[in-house]
Amino acid sequence: MKKKLSVLLAGVMVCTMFTACGKENASENADNAASTESSADAAATETSVAEGMALTIDFDNLETETLNDVTASDIVTLGQYKELSFEVAKDEVTDAEVEDYVANLWSTKPLMLDVTDRAVQDGDTVNIDYVGKYADTKEAFDGGTAEGASLTIGSNSYIEGFESGLVGVNIGETVDLNLTFPENYGAENLAGKDVVFTVTVNSIQAPDTEMSDEWAAGLGYDGVTDLATLRDYARKTLEDQAQNEFDSTVENTAVQTVYDSTAFGDIPQTLINRYMKQQKQMLDYQATMYSYYYGQQLTADSLLANYMNAEGFVGTVDDYLNDISKDMAQQYLMFQAIADEENIIVSDEEIDAYLKNAYENASTTSFSSFEEYKESLDLEIYREGLMADKVVAFIVENANVVATAATEDAASESSSAEASADAASESSSTETVAE
């Protein structure tokens with residue numbers, strides 16, 4: 001089974017039907033007048049890969065059919081899918097990994113203490129008000145004004161000279177920072193412009209020098225009241241992570257094993273077309289989210305070109321999309337063949353329950369009712385997704401899986417990465433008008 005684009009599952013498609021899914025926060029960041037130089041460069045790098053490569057498929061007029069229009073067993077010859085036997089490594093959480101996890105939390109989210117007896121130093125976190133104006137006209141530019149913004153000195157999240165210009169400033173003092181935006185800055189109205197930021201330091205905070213029960217309790221984790229319970233939380237988090245990774249590897253190994261023993265006949269192009277349209281929809285969604293976050297346009301063509309480049313695929317983006325869509329069709333045909341053989345079905349009630357849960361838990365939706373939302377969907381996508389979930393569960397339940405000990409290096413790297421990711425996800429979004 002080729003590991004290109006992930007199989008399009010129903011849960012992912014739900015997100016594209018709602019106006020939420022991080023869109024508000026993403027657009028807020030993208031609208032900042034002084035977004036980071038590195039973000040603009042990253043977007044430019046992404047889009048440049050796709051130069052001269054564009055999709056030419058007429059998606060609106062593609063003839064398609066669904067799994068319901070074919071008999072999977074006519075196309076698929078199943079191999080062994082029951083009573084599989086294989087080994088999968090599983091991490092055993094150690095005391096050292098727990099301490100690493102806590103240490104990573106401390107390094108990224110230390111207890112911040114108010115500083116009142118000195119000026120700003122490198123490493124401090126300051127609360128500031130600022131107004132940005134063009135140096136020549138003294139006119140304030142869009143996105144260059146903020147009140148109560150939090151900034152860590154030395155984080156390099158604002159343009160060059162902004163953070164270093166605040167070193168030595170005392171609480172309550174106001175300074176003018178004469179700065180220049182980079183020539184390649186993402187916002188054309190600011191690229192290469194000389195500006196003046198008038199900044200007032202409202203308060204200064206610095207990280208505590210060592211861990212404490214107060215720090216642990218202040219992290220806001222359920223049941224964590226001191227360092228001892230924080231370590232319990234860390235161990236439970238790492239154990240859950242290890243179990244999730246083990247379960248995921250078991251599923252992937254089981255499905256790959258079945259796939260490798262399955263033979264496929266000729267697949268109707270109309271069925272492949274169906275998955276091409278789904279992949280295109282997913283790519284459009286990914287490109288939109290990238291554009292919101294980084295403020296620069298990205299397209300499905302660009303994403304496909306990046307995937308092609310990473311794989312060393314030779315051909316056009318049309319060829320590549322058809323290739324990965326054929327892979328997708330094979331996967332679902334295999335799942336459907338097993339479902340038919342084992343009488344695994346997905347009822348209308350199960351589809352409704354799944355969609356209602358998605359609808360009711362969406363933070364924002366453009367639909368006035370569940371019925372309106374449901375009418376907008378291709379329900380076969382969800383039937384296929386839920387069917388695939390059931391089939392994978394069936395394969396795993398009927399497999400003989402032996403858990404083996406993971407290597408020490410892999411376990412250590414995993415725990416450190418998880419701690420860093422957890423800390424990052426807990427941190428609040430920062431106002432970055434002068435990023």
> If you round to the nearest 0.5 Å, how far is CD of Glu380 from CG of Asn68?
Replying inline: 4.5 Å
> Between the side chain of Glu163 and the main-chain N/O of Gly154, is any donor-acceptor distance below 3.5 Å?
Replying inline: yes
> Sub-3.5 Å donor-acceptor pair from the side chain of Ser376 to the main-chain atoms of Tyr373, do we have one?
Replying inline: yes
> More than 12 non-hydrogen atoms from neighbouring residues, nucleotides or ligands closer than 6.0 Å to NZ on Lys90, yes or no?
Replying inline: yes
>> Can you tell me if Lys133 has over 12 outside heavy atoms packed within less than 6.0 Å of its NZ?
In response: no
>> Can you confirm whether more than 12 heavy atoms, excluding those of Lys277, are under 6.0 Å from its NZ atom?
In response: yes
> Hey, is the main chain of Gly148 close enough, under 3.5 Å, to the side chain of Asn127 for a donor-acceptor pair?
Replying inline: yes
> Asp284: what forms a side-chain contact (heavy atoms from CB on, under 4.5 Å) with it, not counting sequence neighbours?
Replying inline: Lys280, Ala300
> Would you say Asp69's side chain and Thr66's backbone share a donor-acceptor pair under 3.5 angstrom?
Replying inline: yes
> So does Glu372 have more than 12 non-hydrogen atoms from other groups sitting under 6.0 Å from CD?
Replying inline: yes
> Which residues pass the side-chain contact (heavy atoms from CB on, under 4.5 Å) test with Ser347, sequence neighbours left out?
Replying inline: Glu349, Glu350
> What class does the angle between the rings of Tyr320 and Phe313 fall in, given that below 30° is parallel, 30 to 60° is tilted and above 60° is perpendicular?
Replying inline: perpendicular
> If every non-hydrogen atom of Leu177 is compared with every non-hydrogen atom of Phe162, which pair is closest and at what distance?
Replying inline: CD1-O, 3.5 Å
>> Can you tell me which residue among Val396, Asn400, Val401, Val258 is in a side-chain contact (heavy atoms from CB on, under 4.5 Å) with Leu84?
In response: Val258
> By side-chain contact (heavy atoms from CB on, under 4.5 Å), which residues pair with Asn178, not counting sequence neighbours?
Replying inline: Val196
>> Using 0.5 Å steps for rounding, measure from the CG atom of Leu321 to the CE atom of Met308.
In response: 10.5 Å
> Is any NZ, NE, NH1 or NH2 atom of the basic residue among Asp232 and Lys236 found under 4.0 Å from an Asp or Glu carboxylate oxygen of the other?
Replying inline: no
> Ignoring hydrogens and geometry, is there a side-chain-to-backbone donor-acceptor pair from Thr229 to Thr225 under 3.5 Å?
Replying inline: yes
> ring-ring contact (aromatic ring centres under 6.0 Å, His included) between Tyr259 and Phe264: does it pass, once the steps are laid out?
Replying inline: CA-CA 10 Å; Tyr259 187 91; Phe264 298 93; 5.4 Å; yes
> Between the main-chain N or O of Asn244 and the side-chain N or O of Ser248, is there a donor-acceptor pair closer than 3.5 Å?
Replying inline: no
> Counting distance only, does the side-chain N/O of Lys326 pair as donor-acceptor with the main-chain N or O of Ile272 below 3.5 Å?
Replying inline: no
> Parallel under 30°, tilted from 30 to 60°, perpendicular over 60°: which one fits the rings of Phe197 and Tyr130?
Replying inline: perpendicular
> Is any side-chain N of the basic residue among Glu341 and Lys82 closer than 4.0 Å to the acidic one's carboxylate O?
Replying inline: no
> So, for Leu386 and Val346, which heavy atoms are closest and what is the spacing to 0.1 Å?
Replying inline: C-CG2, 3.9 Å
>> With a 3.5 Å distance limit and no angle check, can you tell me whether Asn273 reaches the backbone of Thr64 through a side-chain donor-acceptor pair?
In response: no
> Taking Asp100 for the side chain and Glu97 for the main chain, is one N or O donor matched with an acceptor at less than 3.5 Å?
Replying inline: no
>> Tell me whether Asp95 is salt-bridged to Arg235, with the criterion being a basic N under 4.0 Å from an acidic carboxylate O.
In response: yes
